[in-house]
**Q** 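Sending over a structure as structure tokens; questions will come in a sec.
Note that the coordinates shown come from a computational prediction; the quantities given were computed from them, not determined experimentally. Side-chain atoms are counted along with the backbone in the values below, which use heavy atoms only and exclude waters and symmetry mates. Along the sequence shown, the residues carry numbers beginning at 1.
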Amino acid sequence: MCGDACACAIAPILGVIPPDSLLCTLDVNSLYTSIVHDRGITAVSLTLQEAEVDNNTHDLCIDLLNLVLRESFFLFEDDFFVQTCGTAMGSNVAPAYANLYMDHFEREQVYANPRFQQHALIWYRYIDDIFCIWQGNHTSLQEFYNDINTARPELSFTLAFHDNEVTFLDTKVLKDALGNLNTDLYSKPTDCNSLLLYNSCHPKSTKDSLPRSQFKRVSRIVSNPDIKATRLQEMSDKFRARNYPADLLSIWTPTVY
């Protein structure tokens, strides 16, 4: 899902951008566990008000959110603790809650920032991961980073940027000398072939659907046709190493170009 979201976001800007632009990514450190309850609840309340939900629904949502956030207990070495900041990582509400909190933060601290308005060409966020194209020098980017990194005590970012290439989730974004952008599949150096074994006890329908989804992921992310063919072959080799039958792989590989 992350790869498809990134590819869909970057797809509209594939083409030429100013050659002096920087490719950069930002990541929020420990977002889920860092959100101050009052700030997060305020962000959700404002969103509900903007959606013009009725007062009863608004109050019910806020009451339930308070229950989830403020009554989260855990046990450690025979002692019970209550989580006083952030939301539990496994909570169903966590992704939506974090998204609304970050949306509120962006409106207050990012979009209104003069440096952002002057230099940011693109700003895409996937929960706590951000992809940005910055038309300006390293100093202006660092100053903007310092602005948002000190805006709230509980919220801190990491920044990575480069003139020609940067990685965002499982996508590598590359810029040539003319400002043309391309995307390629990215895997961490520690990545290993962890595809589901075909002789596992999972339902056959689950195993048979995996090649289609992974081949589509490669096809959506990799923009260069020649590199795409190589990546598809590499993905096919990974499936073969996990005992997937050749006839199953041949069904899906030609359909994703």
Side-chain angles (χ1 to χ4, degrees), residues 1-29 31 102 106 109-111 113-151 155-193 214-238 256-257:
M1 180 172 64
C2 294
D4 286 354
C6 174
C8 292
I10 297 174
I13 60 168
L14 285 177
V16 179
I17 62 170
D20 60 341
S21 299
L22 299 172
L23 305 178
C24 57
T25 60
L26 298 99
D27 176 57
V28 182
N29 295 315
L31 174 60
M102 285 300 300
E106 286 173 328
Q109 305 297 335
V110 177
Y111 303 145
N113 185 289
R115 293 186 179 91
F116 176 86
Q117 295 174 353
Q118 180 180 356
H119 298 289
L121 300 180
I122 292 295
W123 178 274
Y124 288 129
R125 177 176 56 83
Y126 184 85
I127 305 180
D128 59 347
D129 294 287
I130 299 161
F131 173 79
C132 176
I133 296 181
W134 188 267
Q135 187 178 10
N137 55 31
H138 297 183
T139 301
S140 62
L141 176 59
Q142 188 66 47
E143 289 172 346
F144 167 72
Y145 168 69
N146 292 338
D147 288 343
I148 64 171
N149 208 37
T150 57
L155 205 60
S156 64
F157 295 81
T158 58
L159 170 68
F161 62 91
H162 196 274
D163 293 337
N164 302 317
E165 66 176 65
V166 73
T167 58
F168 178 63
L169 303 174
D170 62 350
T171 302
K172 179 183 290 186
V173 185
L174 306 104
K175 181 187 70 173
D176 64 21
L178 299 177
N180 297 296
L181 287 182
N182 285 283
T183 53
D184 192 7
L185 200 65
Y186 171 74
S187 297
K188 293 181 179 179
T190 56
D191 181 66
C192 61
N193 188 359
Q214 290 303 305
F215 287 141
K216 283 190 74 172
R217 183 173 71 93
V218 173
S219 182
R220 287 174 175 176
I221 291 177
V222 184
S223 59
N224 184 296
D226 295 331
I227 299 177
K228 182 185 297 184
T230 300
R231 299 290 181 258
L232 288 169
Q233 183 58 55
E234 292 172 350
M235 184 62 70
S236 180
D237 293 341
K238 287 184 176 181
V256 296
Y257 282 95

**Q** Going by the side-chain hydrogen bond (donor to acceptor under 3.5 Å, both in side chains) test, name the single residue among Asn224, Asp184, Asp226 that passes it with Arg231.
**A**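 So, applying the side-chain hydrogen bond (donor to acceptor under 3.5 Å, both in side chains) to Arg231 and each of Asn224, Asp184, Asp226, only Asp184 qualifies.
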**Q** Kindly give the heavy-atom pair with the smallest separation between Cys24 and Leu159, and that separation in Å.
**A**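 Result for this residue pair: CB-CD1, 4.1 Å.
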**Q** What I'd like to find out is whether the side chain of Val173 reaches to under 4.5 Å of the side chain of Leu181, using heavy atoms alone.
**A**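 In contact.
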**Q** OG1/Thr167 to NZ/Lys172 distance, rounded to the nearest 0.5 angstrom?
**A**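 Reported value, rounded in 0.5 Å steps: 8.0 Å.
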**Q** Evaluate the side-chain proximity of Leu26 to Trp123: yes if any heavy-atom separation is below 4.5 Å, no if none is.
**A**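 A side-chain contact exists here, since the closest heavy-atom pair is under 4.5 Å.
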**Q** How many angstroms lie between atom CZ of Phe144 and atom CH2 of Trp134, to the nearest 0.5 angstrom?
**A**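 Between Phe144 CZ and Trp134 CH2, I get 5.0 Å after rounding to 0.5 Å.
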**Q** Below 4.5 Å, heavy atoms only, C-beta onward: do Tyr186 and Ile221 meet side chain to side chain?
**A**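 Counting from C-beta outward, Tyr186 and Ile221 never come under 4.5 Å.
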**Q** Spell out, as yes or no, whether a donor-acceptor pair under 3.5 Å connects the side chain of Asn149 to the backbone of Phe157.
**A**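 Checked: pair present.
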**Q** Do the non-hydrogen side-chain atoms of Tyr145 and Phe161 ever get within less than 4.5 Å of each other?
**A**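 Not in contact.
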**Q** Show, in sequence, the C-alpha distance, side-chain angles and deciding distance for Phe168 and Leu23, and conclude whether the side chain to side chain contact (heavy atoms under 4.5 Å, CB included) test is met.
**A** CA-CA 10 Å; Phe168 178 63; Leu23 305 178; over 6 Å; no
**Q** Checking the side chain of Lys175 only, and the main-chain atoms of Ile17 only, is there a donor and an acceptor separated by less than 3.5 Å?
**A**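 Not confirmed, Lys175 side chain does not pair with Ile17 backbone.
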**Q** Which residues pass the salt bridge (charged side-chain N to carboxylate O under 4.0 Å, His left out) test with Arg115, sequence neighbours left out?
**A**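 Here the qualifying residues are Glu143, Asp147.
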**Q** Say you draw a straight line from CG of Asn137 to CD of Gln142; how long is it, rounded to the nearest 0.5 Å?
**A**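 Going from CG on Asn137 over to CD on Gln142, the span is 11.0 Å.
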**Q** Side chains of Gln233 and Asp237: donor-acceptor distance under 3.5 Å anywhere?
**A**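 Per modelled atom types, Gln233 and Asp237 side chains form a pair under 3.5 Å.
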**Q** May I ask you to test the Asp170-Arg217 pair for a side-chain heavy-atom distance under 4.5 Å?
**A**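 Yes, side chains in contact.
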**Q** Counting C-beta onward and ignoring hydrogens, is there a side-chain heavy-atom pair between Pro18 and Leu121 closer than 4.5 Å?
**A**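 Side chain of Pro18 against side chain of Leu121, heavy atoms only: contact under 4.5 Å found.
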**Q** How many angstroms lie between atom CG of Asn29 and atom CG of Asp27, to the nearest 0.5 angstrom?
**A**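 If we round to the nearest 0.5 Å, Asn29:CG and Asp27:CG are 6.0 Å apart.
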**Q** Quick one: closest heavy-atom pair of Met102 and Leu31, and the distance?
**A**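 In this case the closest contact between Met102 and Leu31 is CG-CD2, 3.8 Å.
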**Q** Judged by atom type as modelled, is there a donor-acceptor pair below 3.5 Å linking the side chain of Ser223 to the main-chain atoms of Asn182?
**A**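 Checking the backbone N and O of Asn182 against the side chain of Ser223, no donor-acceptor pair under 3.5 Å is found.
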**Q** Not counting sequence neighbours, which residues clear side chain to side chain donor-acceptor pair (under 3.5 Å) with Asn164? List them please.
**A**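 Counting only residues at least two positions away or on another chain, Asn164 forms no side chain to side chain donor-acceptor pair (under 3.5 Å).
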**Q** For a side chain to side chain contact (heavy atoms under 4.5 Å, CB included) check, start with the C-alpha distance between Asn180 and Leu174, then their side-chain angles and the critical distance, and finish with the verdict.
**A** CA-CA 8 Å; Asn180 297 296; Leu174 306 104; over 6 Å; no
**Q** Using the six-membered ring wherever Trp is involved, compare the ring planes of Phe116 and Tyr111 and label them parallel, tilted or perpendicular (cut-offs 30° and 60°).
**A**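 Phe116 and Tyr111: tilted rings.
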**Q** Using 0.5 Å steps for rounding, measure from the CZ atom of Arg220 to the CG atom of Leu185.
**A**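 That separation rounds to 13.5 Å.
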**Q** Locate the shortest heavy-atom distance separating Cys132 from Ala120; write the atom from each residue and the value.
**A**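 What the structure gives for the nearest pair is SG-CB, 4.5 Å.
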**Q** Counting distance only, does the side-chain N/O of Gln135 pair as donor-acceptor with the main-chain N or O of Leu22 below 3.5 Å?
**A**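 Here the side-chain-to-backbone pair does not exist.
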**Q** Measure the shortest side-chain to side-chain distance between Ile148 and Glu106 over non-hydrogen atoms and say whether it is less than 4.5 angstrom.
**A**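 No, every pair of side-chain atoms sits at 4.5 Å or beyond.
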**Q** Could you check if a side-chain atom of Ile130 sits within less than 4.5 angstrom of a side-chain atom of Arg125, using non-hydrogen atoms only?
**A**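 Yes - at least one pair of side-chain heavy atoms lies under 4.5 Å apart.
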**Q** Measure the OG-NE2 distance between Ser21 and His119 for me, rounded to the nearest 0.5 Å.
**A**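 NE2 of His119 is found 11.0 Å from OG of Ser21.
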